[in-house]
Amino acid sequence: MYRAFNLTELADFKELEKIDGNKAKEDYDLHRRQVTENLSMSRILREATILQGDGDQIKIDADYVQQNIFPNYKKYDVFISHSHQDLGLVQKFAYYLRHTLELKVFIDSEVWGYVDDLLMEVNNQYAKIRDGLYEYNKCNLDASVIYLMLSNAIHDVINETECLFFINTPHSINGEENIDKRTTESPWIYDELKTTSIIKTKIPDRIQAMVDCYNNSQNIMVDSAEPIWIRNVNKELNSLTELSNNILLRWKNNYERDRTNDALVEFYCILFNIKF
């Protein structure tokens with residue numbers, strides 16, 4: 001990952017109002033199918049199962065499962081982190097990035113449902129007592145292993161993706177009125193934000209060359225009844241770069257006017273106020 005951005009104004013971004021919601025959803029569903037095409041949880045589980053001798057404990061190759069659920073994580077430009085309640089907004093934004101700026105976008109929710117399918121498949125095979133009744137401890141263990149697997153895979157995607165855009169809305173972050181007490185109820189949002197704060201920054205070669213060239217020429221440097229678990233994410237949010245709607249609009253206008261640079265290079269030029 002090179003940079004992570006905090007989008008607090010996206011719900012008011014006028015460009016998204018021009019996008020038909022149904023069309024954006026169809027586009028999301030298409031990409032979701034492409035991400036998970038040919039995935040059969042029963043097949044993956046069967047192929048990952050290591051057969052043991054009589055009386056031995058069954059073993060499942062977790063690496064094989066993870067690699068087959070997330071086989072192409074290196075091909076994306078942008079990772080979008082969001083609350084599921086903002087899915088309609090995210091679908092429009094993803095459509096905008098894909099079709100206006102020609103970027104490859106990964107939306108974390110594209111794979112969540114398939115992980116739940118995997119958990120159900122495992123529980124049905126190894127924790128089921130009878131219809132509607134499962135062994136509690138086995139279900140808990142299966143869930144912890146599978147969700148840790150999902151977390152590891154998401155870390156890989158964030159690490160390999162150039163930019164992360166966090167859609168910051170009241171659905172994803174509580175306490176926006178008190179900047180020192182901002183929290184999230186989502187363990188996945190917390191995990192993704194935490195990852196952005198500790199992952200090693202990787203400057204793409206083309207960006208480093210661009211900045212070096214500019215610095216050499218300018219001689220400057222750039223810089224419910226159920227309990228709700230909450231996690232303070234103030235530190236993680238402060239580590240993100242604020243991204244305003246004005247920058248998003250300038251990015252789109254500059255890119256449509258001159259496509260000499262790819263979209264992300266044009267984006268960084270605006271951020272760093274670099275002109276070529």
Side-chain angles (χ1 to χ4, degrees), residues 1-28 30-31 76-83 85-110 158 161-173 176-177 179 182 189 192-193 196 201 203-204 206-207 210-211 213-214 218 220 222-223 236-276:
M1 185 190 74
Y2 173 43
R3 298 290 293 268
F5 299 91
N6 187 14
L7 284 73
T8 59
E9 305 173 354
L10 190 64
D12 299 320
F13 188 40
K14 300 300 183 184
E15 291 296 310
L16 300 189
E17 295 178 2
K18 304 174 183 177
I19 298 173
D20 179 81
N22 291 328
K23 194 171 184 178
K25 182 181 183 303
E26 290 174 3
D27 191 65
Y28 169 84
L30 172 62
H31 283 86
Y76 299 100
D77 300 311
V78 174
F79 181 105
I80 298 181
S81 176
H82 68 98
S83 165
Q85 295 180 73
D86 292 318
L87 185 56
L89 173 66
V90 169
Q91 288 170 349
K92 285 189 173 185
F93 186 48
Y95 186 92
Y96 175 83
L97 293 176
R98 286 167 175 153
H99 296 276
T100 302
L101 298 170
E102 301 177 321
L103 295 172
K104 296 181 287 293
V105 179
F106 182 89
I107 305 175
D108 53 9
S109 61
E110 289 176 335
I158 293 174
T161 301
E162 189 164 318
C163 290
L164 180 143
F165 288 166
F166 173 58
I167 312 305
N168 187 336
T169 74
H171 292 140
S172 55
I173 297 296
E176 196 64 42
E177 69 282 355
I179 199 169
R182 292 176 293 181
I189 286 176
E192 291 165 5
L193 291 179
T196 67
T201 299
I203 302 178
R206 73 190 194 289
I207 304 303
M210 178 188 75
V211 173
C213 177
Y214 182 76
Q218 301 294 319
I220 62 171
V222 175
D223 199 79
E236 287 73 25
L237 288 174
N238 286 339
S239 72
L240 305 185
T241 301
E242 294 287 338
L243 187 56
S244 68
N245 286 347
N246 180 53
I247 294 294
L248 288 176
L249 186 58
R250 286 178 57 196
W251 181 16
K252 173 233 177 190
N253 291 338
N254 286 12
Y255 182 67
E256 288 185 337
R257 183 169 58 250
D258 181 5
R259 297 183 184 236
T260 303
N261 298 323
D262 68 44
L264 286 177
V265 168
E266 191 64 53
F267 179 48
Y268 303 139
C269 286
I270 295 171
L271 289 176
F272 302 143
N273 196 27
I274 295 175
K275 296 181 180 179
F276 285 95

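Atoms considered below: every heavy atom in the structure, side chains included; atoms not considered: hydrogens, waters and symmetry mates.
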S.K.: Parallel, tilted or perpendicular: which fits the ring planes of F165 and F93, with parallel below 30° and perpendicular above 60°?
M.R.: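 It falls in the tilted class, 30° to 60°.
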
S.K.: The criterion is side-chain hydrogen bond (donor to acceptor under 3.5 Å, both in side chains); which residues satisfy it with N254, sequence neighbours excluded?
M.R.: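 Partners of N254 under the side-chain hydrogen bond (donor to acceptor under 3.5 Å, both in side chains) test: R257.
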
S.K.: Give every residue pair that meets the salt bridge (Lys or Arg N to Asp or Glu O under 4.0 Å) criterion with at least one member in residues 244-255, sequence neighbours excluded.
M.R.: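 Residue pairs passing salt bridge (Lys or Arg N to Asp or Glu O under 4.0 Å), neighbours aside: E15-K252, K252-E256.
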
S.K.: Among all residues two or more places apart in sequence or in another chain, which pass the ring-ring contact (aromatic ring centres under 6.0 Å, His included) test with Y255?
M.R.: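 By the ring-ring contact (aromatic ring centres under 6.0 Å, His included) rule, Y255 matches no residue at all.
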
S.K.: Given salt bridge (charged side-chain N to carboxylate O under 4.0 Å, His left out), test E17 with K14 step by step and report yes or no.
M.R.: CA-CA 5 Å; E17 295 178 2; K14 300 300 183 184; 3.6 Å; yes

S.K.: About how many Å separate CG of L193 and CG of L164, when rounded to the nearest 0.5 Å?
M.R.: 7.5 Å

S.K.: For E102 and R259: C-alpha separation, side-chain torsions, deciding distance, then whether salt bridge (charged side-chain N to carboxylate O under 4.0 Å, His left out) applies.
M.R.: CA-CA 11 Å; E102 301 177 321; R259 297 183 184 236; 3.2 Å; yes

S.K.: Partners of Y95 by ring-ring contact (aromatic ring centres under 6.0 Å, His included), sequence neighbours excluded?
M.R.: H99

S.K.: Going by heavy atoms in the side chains, are L249 and N253 under 4.5 Å from each other?
M.R.: yes

S.K.: How far does CG of D258 sit from CD of E266, to the nearest 0.5 angstrom?
M.R.: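 Result: 6.5 Å between the selected atoms.
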
S.K.: For F166, which residues count as a ring-ring contact (aromatic ring centres under 6.0 Å, His included) partner, sequence neighbours excluded?
M.R.: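 Not a single residue meets the ring-ring contact (aromatic ring centres under 6.0 Å, His included) criterion with F166.
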
S.K.: Roughly how far, to the nearest 0.5 Å, is CG of N261 from SG of C269?
M.R.: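 Taking SG in C269 and CG in N261, the distance rounds to 5.5 Å.
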
S.K.: Please list, chain by chain and in numerical order, all residues satisfying salt bridge (charged side-chain N to carboxylate O under 4.0 Å, His left out) with K104, sequence neighbours excluded.
M.R.: D77

S.K.: Applying side-chain hydrogen bond (donor to acceptor under 3.5 Å, both in side chains), name anything that partners S244, two or more places apart in sequence or on another chain.
M.R.: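 Once residues adjacent in sequence are excluded, S244 has no partner under the side-chain hydrogen bond (donor to acceptor under 3.5 Å, both in side chains) criterion.
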
S.K.: What pair of heavy atoms forms the shortest contact from R182 to I173, and how long is it?
M.R.: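 The answer is CB-CG2, 3.9 Å.
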
S.K.: Applying side-chain contact (heavy atoms from CB on, under 4.5 Å), name anything that partners P204, two or more places apart in sequence or on another chain.
M.R.: Y2, E162, R206, I207

S.K.: Just to verify, which of V105, T169, I167 counts as forming a side chain to side chain contact (heavy atoms under 4.5 Å, CB included) with V90?
M.R.: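 Single pass found, and it is I167.
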
S.K.: Flag the pair E236 / L240 as yes when at least one side-chain heavy-atom distance between them is below 4.5 Å, and no otherwise.
M.R.: no

S.K.: Taking atom types as modelled and ignoring hydrogens, do the side chains of N168 and T8 form a donor-acceptor contact shorter than 3.5 angstrom?
M.R.: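 Checked: N168/T8 side chains show no N/O donor-acceptor pair below 3.5 Å.
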
S.K.: Determine whether the aromatic ring centres of F267 and F272 lie less than 6.0 Å apart.
M.R.: no

S.K.: With side chains defined as the heavy atoms from C-beta onward, is the minimum distance between F5 and T241 less than 4.5 Å?
M.R.: yes

S.K.: For N245, give me all partners under side-chain contact (heavy atoms from CB on, under 4.5 Å), at least two apart in sequence or on another chain.
M.R.: E9, D12, F13, L248

S.K.: Measuring from L30:CG to R98:CZ, what's the distance to the nearest 0.5 Å?
M.R.: 8.5 Å

S.K.: Between W251 (side chain) and L271 (backbone), is there a donor-acceptor pair under 3.5 Å?
M.R.: no

S.K.: side-chain hydrogen bond (donor to acceptor under 3.5 Å, both in side chains) with Q91: which residues, sequence neighbours excluded?
M.R.: none

S.K.: Taking atom CG of L237 and atom CD of E242, what is their separation to the nearest 0.5 Å?
M.R.: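 That separation rounds to 8.5 Å.
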
S.K.: Y28: which residues meet the side-chain hydrogen bond (donor to acceptor under 3.5 Å, both in side chains) condition with it, sequence neighbours left out?
M.R.: S109

S.K.: Indicate the atoms forming the closest heavy-atom contact of T161 with F79, along with that distance.
M.R.: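 That closest heavy-atom pairing would be CG2-N, 3.3 Å.
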
S.K.: Does any non-hydrogen side-chain atom of Y96 lie less than 4.5 Å from one of L101?
M.R.: yes

S.K.: State, to 0.1 Å, how close N22 and D20 come at their nearest heavy-atom pair, and which atoms those are.
M.R.: N-OD2, 3.0 Å

S.K.: Roughly how far apart are C163 SG and I80 CD1, rounded to 0.5 Å?
M.R.: 11.5 Å

S.K.: Looking at M1 and T196, what are the two nearest heavy atoms and their distance?
M.R.: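 Here M1 and T196 meet closest at CE-O, 3.8 Å.
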
